[in-house]
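Structure record follows, encoded as structure tokens.
We're numbering straight along the sequence, starting at 1.
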Amino acid sequence: MCQVTHRIMDSLTASTMWMIPRQNQSWVSEFILVGFSSDPTTNSILFIVFLLIYLSTVLGNGLIIMLVCLDTQLHTPMYFFLCTLSLLDMGYVTTTMPQMLVHLFAHSQIISFVGCWLQMYMFSALGITESIVFVVMAYDRYVAICYPLRYTVILIWSLCIRLAAGSWTCGFFSSLLHTFFTMSLPYCGPNRVNHYFYEGPSVRSLACMDTHLIEMVVLVLSVFVVLTPISLIVASYIHIAMAILKIKSTQGRCKAFSTCASHLTVVTLFYIPAIYIYIRPNSSYSPEQDKQVSLFYNVFTALLNPVVYSLRNKDIKRAFLKVMGHGRVDW
């Protein structure tokens with residue numbers, strides 16, 4: 001009887017000892033962002049540079065949204081999706097850059113666990129939504145070039161609204177899964193994140209357990225979220241290329257291709273760094289390199305999108321001059 005009692009007590013003790021570390025390894029209450037530099041002079045320079053980039057990004061994308069809303073000639077599916085992309089870009093940089101600017105001057109780079117969770121969720125949600133919107137924009141170009149006479153019949157406004165709403169819904173739902181798997185891990189310290197915002201790989205590297213299984217799950221989700229849109233975009237442009245090659249005149253081919261060039265440019269700028277960050281072995285994780293790559297597809301892509309579309313788009317130029325009071329201009 002005593003032996004049985006001792007065995008039960010030993011079992012309870014072992015169970016209790018197993019639970020104590022779990023409690024000690026429960027969620028940390030806050031995280032600390034390392035950022036780019038601890039040197040005040042360097043941070044001052046970075047603050048000015050990133051502030052100018054952020055203001056330019058917001059103003060550039062905001063200008064496109066304003067032009068599309070004010071000019072009735074831009075009330076087409078193509079510019080509706082471009083307006084949606086600009087709205088996403090504004091939200092995309094706003095989830096990370098204001099906090100980064102504050103941290104460049106603040107003595108404390110601390111953020112609560114909930115704040116980390118919200119930033120990671122919103123950043124991922126807007127990024128996934130943008131990747132789906134790129135697919136929708138590719139479909140728009142596919143219909144415009146392959147079925148030009150049926151363009152207005154196929155892409156009616158009700159379908160455009162459903163495509164946009166579906167993109168937002170899929171993006172925010174997919175992000176919920178991605179964020180849940182990351183933030184459900186136990187974090188017991190250290191709590192210093194070597195990044196300028198809370199991105200999945202940088203946060204998971206601090207987990208107090210073997211994250212191999214979680215990394216595999218997240219990799220599968222990332223492959224689905226990233227490679228599926230890329231495959232659909234590639235499929236659309238294969239059909240587009242075949243349709244363009246059937247055009248007899250060289251001028252007609254150049255005109256058809258020019259309508260796709262801007263979209264192809266921004267897609268390339270967005271997906272190449274995203275693939276590097278999210279579809280790779282966890283063993284190749286490099287904090288310093290990841291910060292630079294993330295900066296490119298988070299900040300510079302959103303900055304360049306309005307530049308790429310406005311410089312190559314006569315309708316945007318015409319709408320801008322019209323709003324500025326120069327009247328109609330023939331290009």
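For Ser124 (side chain) and Met120 (main-chain N/O), no donor-acceptor pair under 3.5 Å exists by modelled atom type. Side-chain atoms of Ser175 do not come within 3.5 Å of backbone N or O of Gly171 as any donor-acceptor pair. Between the Asn61 side chain and the Ala302 main chain, a donor and an acceptor come within less than 3.5 Å of each other. Counting only distance, with no hydrogens or angles, the side chain of Ser86 and the backbone of Ile64 share no donor-acceptor pair below 3.5 Å.
Within the 4.5 Å cutoff, side-chain heavy atoms of Leu74 are placed close to those of Arg318. The shortest distance between side-chain heavy atoms of Met78 and Arg141 falls below 4.5 Å. The closest side-chain heavy-atom distance from Ile156 to Arg162 is not below 4.5 Å. Tyr147 is listed as a side-chain neighbour of Ile154, based on a closest heavy-atom distance under 4.5 Å. Phe172 is listed as a side-chain neighbour of Met122, based on a closest heavy-atom distance under 4.5 Å. At least one side-chain heavy atom of Tyr139 sits less than 4.5 Å from a side-chain heavy atom of Leu155. Two residues are said to be in side-chain contact when any heavy atoms from C-beta on lie closer than 4.5 Å; Val220 and Met216 fail this criterion. The closest side-chain heavy-atom distance from Phe134 to Ile230 is not below 4.5 Å.
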| task | With side-chain hydrogen bond (donor to acceptor under 3.5 Å, both in side chains) as the test, would you mind laying out the steps for Tyr151 and Asp140 before giving the verdict? | result | CA-CA 9 Å; Tyr151 179 75; Asp140 169 77; 2.4 Å; yes

| For Tyr237 and Tyr142, what are the C-alpha separation, side-chain angles and deciding distance, and is it a side-chain contact (heavy atoms from CB on, under 4.5 Å)? | CA-CA 7 Å; Tyr237 274 101; Tyr142 163 74; over 6 Å; no

| Evaluation steps, side-chain contact (heavy atoms from CB on, under 4.5 Å), between Leu303 and Ser56 | CA-CA 7 Å; Leu303 173 67; Ser56 300; 3.7 Å; yes

| said: Determine whether Ile53 and Phe300 satisfy the following criterion, side-chain contact (heavy atoms from CB on, under 4.5 Å), listing intermediate values before the conclusion. | reply: CA-CA 8 Å; Ile53 291 175; Phe300 293 113; 3.7 Å; yes

| Full working for side-chain contact (heavy atoms from CB on, under 4.5 Å) between Cys170 and Ile128 | CA-CA 8 Å; Cys170 292; Ile128 295 172; 5.9 Å; no

| request: Take Tyr92 and Thr57 through the side-chain hydrogen bond (donor to acceptor under 3.5 Å, both in side chains) test and state the conclusion after the steps. | output: CA-CA 10 Å; Tyr92 203 43; Thr57 301; over 6 Å; no

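Hydrophobic clustering, with ILVMFWY side chains joined whenever heavy atoms are under 4.5 angstrom apart, groups Leu304 together with Leu87. Cluster membership for Trp168 and Trp157, using ILVMFWY side-chain heavy atoms within less than 4.5 angstrom, is shared. Linking ILVMFWY residues whenever their side-chain heavy atoms come closer than 4.5 Å, directly or via other members, places Val93 and Leu51 in the same cluster. Note on Leu59 and Ile65: separate hydrophobic clusters, where clusters join Ile, Leu, Val, Met, Phe, Trp and Tyr whose side-chain heavy atoms are under 4.5 Å apart, directly or indirectly. The same ILVMFWY cluster, assembled from side-chain heavy atoms under 4.5 Å apart, contains both Leu85 and Leu70.
Looking at every heavy atom in both residues, Arg253 comes nearest to Ile244 through CG-O, 3.5 Å. In plain terms, the two heavy atoms of Phe224 and Pro229 that are nearest each other are O-CD, 3.7 Å. The two atoms that bring Thr179 and Tyr121 nearest to each other are OG1-CA, 3.5 Å, heavy atoms only. When all heavy atoms of Leu46 and Leu104 are compared, the pair lying nearest together is C-CD1, 3.9 Å. Heavy-atom minimum distance, Val225 versus Ser174: CG2-CB, 4.4 Å. Pairing each heavy atom of Leu101 with each of Phe50, the nearest pair is CD2-CB, 3.7 Å.
Listed by chain and residue number, nothing satisfies the salt bridge (charged side-chain N to carboxylate O under 4.0 Å, His left out) test with Asp315 (two or more places apart in sequence, or in another chain).
Leu118 contributes atom CG, which lies 15.0 Å from atom CZ of Phe123 (distance to the nearest 0.5 angstrom). Of the inter-residue distances, the one linking Cys69 atom SG with Phe80 atom CZ reads 10.0 Å to the nearest 0.5 angstrom. We find the OG1-CD1 distance between Thr268 and Ile233 to be 9.0 Å, quoted to the nearest 0.5 Å. Distance OG1/Thr84 to CD1/Ile132: 13.0 Å, rounded to 0.5 Å. A distance of 12.5 Å separates CD in Gln73 from CG in Leu67, rounded to the nearest 0.5 Å. Atom CE of Met66 and atom SG of Cys83 lie 11.5 Å apart (nearest 0.5 Å).
More than 12 heavy atoms of other residues, nucleotides or ligands sit less than 6.0 Å from atom NE2 of His75. Atom CZ of Arg150 is surrounded by 12 or fewer heavy atoms from other residues, nucleotides or ligands within 6.0 Å.
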